[in-house]
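Okay, so here's the structure we're looking at.
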Amino acid sequence: MSHPENATVFLKDKERAKWHDDTLWIVRQKRDVTIHQIPEWEKLRELASQIKDHTLSKLDFYLEELEKNATANGIKVHWAENAEEHNKIIGKILDEKNCKAIVKSKSILTEECHLNPFLEEKGIEVVDTDLGERIIQFLKQPPSHIVMPAIHLKKSDISDIFHEKLHTEKGNVDPVYLTHAARLHLREKFLQAKVAITGVNFAIAETGEFVVCTNEGNADMGVHLADTHIACMGIEKLIPRRKDLGVFLRLLARSATGQSITNYNSHFRSPSPGKELHLILVNNGRTKQLAREKFRNSLKCIRCGACMNTCPIYRRSGGFSYGSTVPGPIGSILSPGIDLKKYSTLPFASTLCGSCTDVCPVKINIHEQLYEWRQEITKAQGASLKGLSMKLANGIFKSPLAYKVSGKLMRASLKTLPDSIIYNPLNAWGKGRNLPNLPEESFKDWYKKNRNK
Amino acid sequence: MKKDVPHIGLFIPCYIDQFYPNVAIATLELLEKLGCKVTYPLGQTCCGQPMSNAGFEADSEGTTSKFISDFAKFDYIVAPSGSCVLHVKEHSPKVDKLKKNQEHVQSNIYELSEFITDVLKVDSIKGSFPHKIGFHASCHGLRGLRLASDSERNEPPFNKTLQLMKDLEGLEVVELTRKDECCGFGGTFAVSEEAISVQMGKDRIADHVDKGVEIIVGGDMSCIMHMQGIATRDKDNVQLMHFAEILNQVIS
Amino acid sequence: MSSKASILAAIKGLNMKEKPLPEIPDFDVAPDLIEAYTHSLNGNKGTVVSKEELEQLIAETGFPKIYSSSPSFATFTNCELPQHPADFADLDLAIIEGQFASAENAAIWLDESNLDLRAIPFITAHLVIVIKKENIVGNMHEAYKRIGATKSGFGVFIAGPSKTADIEQSLVVGAHGAMSLRVVIL
């Protein structure tokens, strides 16, 4: 299904669609309030952008630095060319430990690599420990947002699934009650787990450490109780210096939710005595994106989700309408690089309003890249129907006579055609909108009479 | 006309020429009243934006060349549309054989309110307009040409269009709940993503109507055409106008 | 070719021109750091309490299991440090020392020198962190200057209690980790 078809379905439930829009808009507003308390906000965005641009321009050097320093700290570093290899590396570690159950904190990368089905196939129980992720895991759904995975659900939906899975009272929709039920349920899992998997927010080349940010503390609950910690990161998560974290931690949570910082920001440099710490560096198409000069800087993304919260299309169509691991504006510039055909409608799911670009804490020119992907997609599609009509349009606009004739014809025909044809349901303009009242003459005709005698 | 007065080429986007001649007339008359020498090159057609935004920038070279030839001879090019100006400035394909002329066009093309404030150095227009209005900040003018500060960035507030209207007697500009959300027009988006496009337009209009706005004022007729189409269909009790019509009406 | 070699070769093959790495300048900070800190902590759903208030709270609440690694509150400890962190699953109150804190966001830095077990600040039901008022810095840049090149195996900025808003964006404190954070500024 294409984005417009999915969006049309989403908008059919008017009340829910409005609630989704309003809820995410509130998050966007919270973000606005916090960033206006930081006079140097725009300067921080510029610094973050430059640090990421620099890192990407020397990514090979910094990856080797990271490996060298992390290894010296006692971290076991693995490299994975693709999702399959990433999953195999994890599978092998779990086999060695004879581990049959793991706890996992939020990681979009493991979602991208489809780690959960891979492990479940091997008979390993995977427990996603972020509350939102646990909810959607119960429902066998993917996340609809990278920061707020269950943002598409209402508390009544969550109450129903918790009643089924955790035997909470039927119909009790109190978020405090439901959260505490999840706390008890997940605490059991934390206490039993021997292996914990986390994502990575930032890896620091100079120190060989990495940082994981959560509000719930679920990543820390997992890793500090388990004997083995496996952290998975895309190769673009790198920054050069520890002090660069000062810039990124000031931007991340403020952009994501409007908080001044996430409540837990853990820096892992080496394992506790007697424990193991693994770090997997994953490519999975990132070097291909790096090679595309126009789209390279999409790899600056720190996964704050601000572009989703601000996007008027995301808010009114929901994360699932995109059909990609990362939805919303940033997803629409990352996904075509993975599969141009499958994701060909995504760069068109935008008015190019530019709000995503202006909220982005690392200054990715998202809407300009959406525009550039459109050019790539039409080139790849060749002379489609739209292409033909656009070429025809170029012919008309090139010649003033053709333009004049077609403009006159248009005005004449719009006036004489019966409403039933103009407002045919197949006519996408007329479905919800009237056409403008048509003037007697064009400006050009007026000008000739009044100025150009 | 004095010889040393800069010569302005009036660029009237194609859909304004065809559907909204009154906005074009208001733009022309307003510039003339402000003492400008203005010519409308009769051969002009379109800037090529609809093609480029649909992904056919490469196919719009002919249209772009035509635009450059029509306008290169003027000191300034002025249009009552931020969107079309932004396209000419930033998204029209490079035409190598017209490089010098293209550069001249791209660095001397202005949206109307930007031209009046930044080039003519007019602070505000005096007059009376006793109405309650809401301002629709069109995205390409707002975030592309930076005609106003937007709600996303932390920067001192400004708005070149409203600045021109700030001294109008009796004018009340309401504070919107979402001061600069997109109306959902987006060129071919209006048709290819029809459902969201119309929903966005409805939401934008509702924000104005809820605040008791009589007239939604904007600087891009494409957004206004889209919102007007919805407002008419839904029988919303609100008018839509281009700011050029208001300024030209009060200045006389 | 190993995956490491192929990934590095793919990047090197692009021959990218190096872009400059910026230096991070100093930025203005709040004039009254304690006041700013208190305000930030409230925003994160934590609270600043005095030494006396904490002592009174402990006396009134009667937490069954308390572990303090802060010398200022050493006498409240009533249990042994376990071998395995899971044995602290029933810990009611932990009192630990923080090294310094950032006023702009209430984040307190702790590393292994403050943590007898890495799990303590997360697994405890309630958490108290003790900081010295001269150790409140303005922002995260100053905080990282303080961390410098230290080599602790684990370090964490804690800025509030465990919380979530995953159910309809309603803020709930006490998701998995500590259900409260109190900060004593000495």
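Both backbone and side-chain heavy atoms feed into the values below; hydrogens, waters and symmetry mates do not. Every chain is numbered from 1, with letters handed out A, B, ... down the list of sequences.
Shortest non-hydrogen contact noted between C353(A) and C139(B) is CB-SG, 3.2 Å.
Of all residues in residues 149-157 of chain B, those placing a non-hydrogen atom less than 4.5 angstrom from a non-hydrogen atom of chain A are D150(B), S151(B), E152(B), R153(B), N154(B).
Taking CG from L352(A) and CZ from R143(B), the interatomic distance works out to 11.5 Å, rounded to the nearest 0.5 Å. Summarising the geometry, atom CZ belonging to F443(A) is positioned 8.0 Å from atom CG belonging to D17(B); distances are rounded to the nearest 0.5 Å. For the atom pair Y371(A) OH and H91(B) NE2, the distance stands at 5.5 Å (nearest 0.5 Å). In this structure, NE2 in H367(A) is found 6.5 Å from NE2 in H140(B), a value given to the nearest 0.5 Å. Of the inter-residue distances, the one linking F189(B) atom CZ with T351(A) atom OG1 reads 6.0 Å to the nearest 0.5 angstrom. Annotation: the span from Y447(A) atom OH to L10(B) atom CG amounts to 7.5 Å, rounded to 0.5 Å.
Residue T39(B) touches chain A through both its backbone and its side chain, counting heavy-atom pairs closer than 4.5 Å. At a 4.5 Å heavy-atom cutoff, A17(A) makes no contact with chain B through either its backbone or its side chain. For chain B, the nearby part of I38(A) is the backbone; its heavy atoms alone come within less than 4.5 Å. With a 4.5 Å cut-off on non-hydrogen atoms, L142(B) does not touch chain A at all.
Between the K431(A) side chain and the E194(B) main chain, no donor and acceptor come within less than 3.5 Å of each other. S442(A) contributes no side-chain N or O that, together with a main-chain N or O of Q18(B), makes up a donor-acceptor pair within less than 3.5 Å. With hydrogens and angles disregarded, no donor-acceptor distance shorter than 3.5 Å links the side chain of R233(B) to the backbone of L435(A). Using a distance-only test at 3.5 Å, with no hydrogens or angles considered, no donor-acceptor pair links the side chain of R374(A) to the main chain of E57(B). At distances below 3.5 Å, not a single donor-acceptor pair connects side-chain atoms of K202(B) with backbone N or O atoms of G432(A).
Between Y20(B) and P439(A) there is no side-chain heavy-atom pair separated by less than 4.5 Å. Two residues are said to be in side-chain contact when any heavy atoms from C-beta on lie closer than 4.5 Å; W429(A) and H226(B) meet this criterion. Taking 4.5 Å as the limit, some side-chain heavy atom of F19(B) sits within range of a side-chain heavy atom of P436(A). Side-chain contact check for W446(A) versus N22(B): every heavy-atom pair is 4.5 Å or farther apart. For the pair E181(B)/R315(A), a side-chain contact is recorded, criterion being any heavy-atom separation below 4.5 Å from C-beta on.
Considering only heavy-atom pairs separated by less than 4.5 Å from chain A, the leading option among G201(B), C47(B), G186(B), S65(B) is G186(B). In terms of heavy-atom pairs under 4.5 angstrom with chain B, the leader among R28(A), R45(A), R31(A) is R28(A). In terms of non-hydrogen atom pairs under 4.5 Å with chain A, the most contact-rich of D203(B), I16(B), D70(B) is D203(B). Looking only at heavy-atom pairs under 4.5 Å with chain A, the residue among I25(B), I230(B), T232(B) that has the most is I25(B).
Evaluated for a side chain to side chain contact (heavy atoms under 4.5 Å, CB included) with P312(A), the options R178(B), R204(B), M200(B) yield exactly one hit, M200(B).
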- Query: Could you go step by step and tell me if S197(B) and R433(A) meet the side chain to side chain donor-acceptor pair (under 3.5 Å) rule?
  - Reply: CA-CA 10 Å; S197(B) 174; R433(A) 287 165 288 220; 2.9 Å; yes
